[in-house]
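Worth saying up front: this structure is predicted, and the values here are computed from it rather than measured. Both backbone and side-chain heavy atoms feed into the values below; hydrogens, waters and symmetry mates do not.
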Amino acid sequence: MPRILPQVLRNLLRKPATVKYPQVRVEPPKGYRGRPVVDPERCISCWLCIRTCPARAITISKETKKPSIWLGRCIFCGECAEVCPARAITMTKEFEFTTLR
Amino acid sequence: MTFIVPIGPQHPALKEPAFFRFEVKGEEIADVDIRFGYVHRGIEEALQRRDYKHDVYLIERICGICNVVHTTTYCQAIEQLAGVEPPERAKYIRVIILELERIHSHLLWLGIAAHQIGFNTLFMLAWRDRERVMDLREIISGNRVTSATNTIGGVRRDVKPEHVPTILRGLDELEHSTKYYIDLFNSDRTILARCTNVGILTKDDARKFCAVGPLARASGVDTDIRRDHPYAIYDKLSFNVITEREGDVWAKSMVRLREILEAIHIVRQAVKEMPIGPIRIKVNLEIPRNEAIERTEAPRGELFYYALSNGTDSPERVHVRTPTCANFASIKRMFLGGTVAEIPIVIWSIDPCFACNDRVALVDSHTGKTFNLSLKELRKWRH
Ligand code: SF4
Ligand code: SF4
């Protein structure tokens with residue numbers, strides 16, 4: 001008899017180890033590095049985040065002089081949130097970026 | 001009659017395109033030829049064009065599975081260049097995430113190895129347990145895979161006291177299941193039949209071809225950078241260097257499985273003994289001309305970094321040698337005399353940083369006719 005059989009039988013009776021993702025969502029833990037969001041109200045336009053970003057994902061809007069993050073380049077390192085003196089950038093728990101168009 | 005069996009270079013499932021050309025006589029492998037370089041990304045050149053801090057994130061992307069060990073080695077090399085020493089607590093945190101990474105890498109390896117020998121139940125079980133490590137890493141570093149925790153002069157994130165019970169609980173569960181896998185590898189007939197006396201690398205050959213990491217240790221070569229050339233705080237922790245004598249695929253699996261237990265042991269000690277204090281120091285990154293080498297023990301073996309600074313804030317040269325590169329020299333010896341059915345597991349037994357294979361073509365060297373064969377069929381190919 002294969003040695004793994006008892007384990008297999010036990011797993012048949014257990015509830016699944018996975019969750020049915022789109023219906024059931026697992027909340028990411030605290031401190032998760034999801035989508036960085038800029039709060040233009042708090043931003044003091046020091047542009048430190050632009051120099052810190054290793055992926056050069058942050059660009060400046062010409063009119064408002066506030067940074068905006070290009071998610072196509074962002075690598076979710078969280079350096080910008082760490083460096084911002086006004087705490088205008090936060091890493092949210094958002095990780096689903098796919099959209100339907 | 002000799003057949004040529006080419007695998008790669010554009011192999012849909014190879015993480016790194018590599019080309020294997022097997023010459024087979026009937027079932028037996030008579031010769032193997034390996035070619036690399038298809039996935040040259042120019043990272044070393046790109047490193048010279050960024051500054052030291054930005055390089056950390058590029059280095060992290062050399063390898064997804066072992067990203068922490070890459071950044072740790074790089075940061076240690078740069079710290080050596082700048083002549084600074086990271087704070088004690090940072091070193092402990094580095095060791096914790098390094099060892100969690102080793103556990104996850106070995107469990108990933110175990111899953112794919114089980115898949116390669118057609119044991120998909122074990123594959124599922126190993127990957128289920130791997131999720132536990134991924135969850136721990138997510139708690140500590142904020143992401144499942146890329147940790148972005150290391151930085152020059154320390155670490156960016158602290159292991160908070162409230163995380164410690166979760167980590168310890170996760171480790172207990174992992175220890176339990178790893179012991180079960182060790183038991184399984186010692187007794188299951190399928191595993192023993194597919195793994196023992198397959199892909200043998202003798203001790204002499206392991207030395208001669210400069211094998212590193214679990215591959216060398218499975219052949220009885222007692223080498224481990226963590227003990228021989230301690231970095232971070234490995235000199236303050238007690239752990240055993242796991243060796244096996246047989247040198248076959250079974251021994252390689254056993255070394256990795258037992259290393260998981262050692263890694264769990266190391267994390268437990270590190271979590272317990274972690275001192276309180278700062279986690280990073282400020283480093284002046286205009287480093288005068290200097291050079292440094294740094295070696296660490298990655299999950300796959302010795303990882304080597306060379307860094308040269310030139311007075312500006314970007315390096316003059318950073319050179320990386322990954323363990324897989326060192327281990328490919330021994331692969332020929334492991335194949336010779338083996339059979340075609342062994343190819344997937346023997347390639348995978350050196351943990352070569354590629355996910356899984358699914359197609360090979362058999363070329364009859366006399367008629368030039370090509371047969372295509374999916375690796376699924378290859379896995380079923382018995383002699
Ligand atoms: S670092 Fe903060 S305050 Fe400065 S520009 Fe960026 S978001 Fe604005
Ligand atoms: S998270 Fe990192 S990559 Fe993304 S915008 Fe901030 S600094 Fe740039």
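- The side-chain contact (heavy atoms from CB on, under 4.5 Å) test with A/I4 is passed by exactly one of B/T121, B/I191, B/T190: B/T121.
- Counting non-hydrogen atoms of other residues, nucleotides and ligands closer than 6.0 Å to CD of A/E41 gives a total of 12 or fewer.
- One finds the CD atom of B/E60 at 7.0 Å from the CD1 atom of A/I75 (value rounded to the nearest 0.5 Å).
- Residues B/R128 and A/N11 are in side-chain contact: their nearest non-hydrogen atoms beyond the backbone lie under 4.5 Å apart.
- Neither the backbone nor the side chain of B/I140 comes within contact range of chain A, judged by heavy atoms closer than 4.5 Å.
- Counting heavy-atom pairs closer than 4.5 Å to chain A, the top-ranked of the candidates B/R61, B/E131, B/K160 is B/R61.
- Contact of B/S187 with chain A is made through backbone and side chain together, with heavy-atom distances under 4.5 Å.
- For the set B/T149, B/L125, B/L122, the entry with the most heavy-atom pairs within less than 4.5 Å of chain A is B/L125.
- For a residue to count as touching a neighbouring chain, one of its non-hydrogen atoms must lie under 4.5 Å from one of that chain's; by this rule A/E82 touches chain B with the side chain only.
- A donor-acceptor pair is defined here as one N or O able to donate and one able to accept, closer than 3.5 Å; such a pair exists between the side chain of A/R33 and the backbone of B/S141.
- Only the backbone of B/T146 has a heavy atom closer than 4.5 Å to any heavy atom of chain A.
- Contact record, A/C77 with B/A148: O-CB, 4.1 Å, taken as the closest heavy-atom pair.
- The closest donor-acceptor contact from the side chain of B/R157 to the backbone of A/G31 lies under 3.5 Å.
- Here the closest non-hydrogen pair linking B/G142 and A/Y32 is O-CD1, 3.4 Å.
- Within 6.0 Å of atom CZ in B/R49, 12 or fewer heavy atoms from other residues, nucleotides or ligands are found, so the atom counts as exposed in its surroundings.
- For A/T52, the part lying under 4.5 angstrom from a heavy atom of chain B is the backbone only.
- Within 6.0 Å of CG in A/L9 there are more than 12 heavy atoms belonging to other residues, nucleotides or ligands.
- Here A/F97 pairs with A/F76 under the ring pair (Phe, Tyr, Trp, His ring centres under 6.0 Å) rule; sequence neighbours left out.
- A/E79 places a side-chain heavy atom less than 4.5 Å from the side chain of B/R156.
- Note: B/D183 leads B/D183, B/T151, B/D55 in heavy-atom pairs under 4.5 Å with chain A.
- Around CZ of A/R87, the count of heavy atoms belonging to other residues, nucleotides or ligands within 6.0 Å does not exceed 12.
- Taking a 6.0 Å sphere around NZ of A/K93, one finds it holds more than 12 heavy atoms contributed by other residues, nucleotides or ligands.
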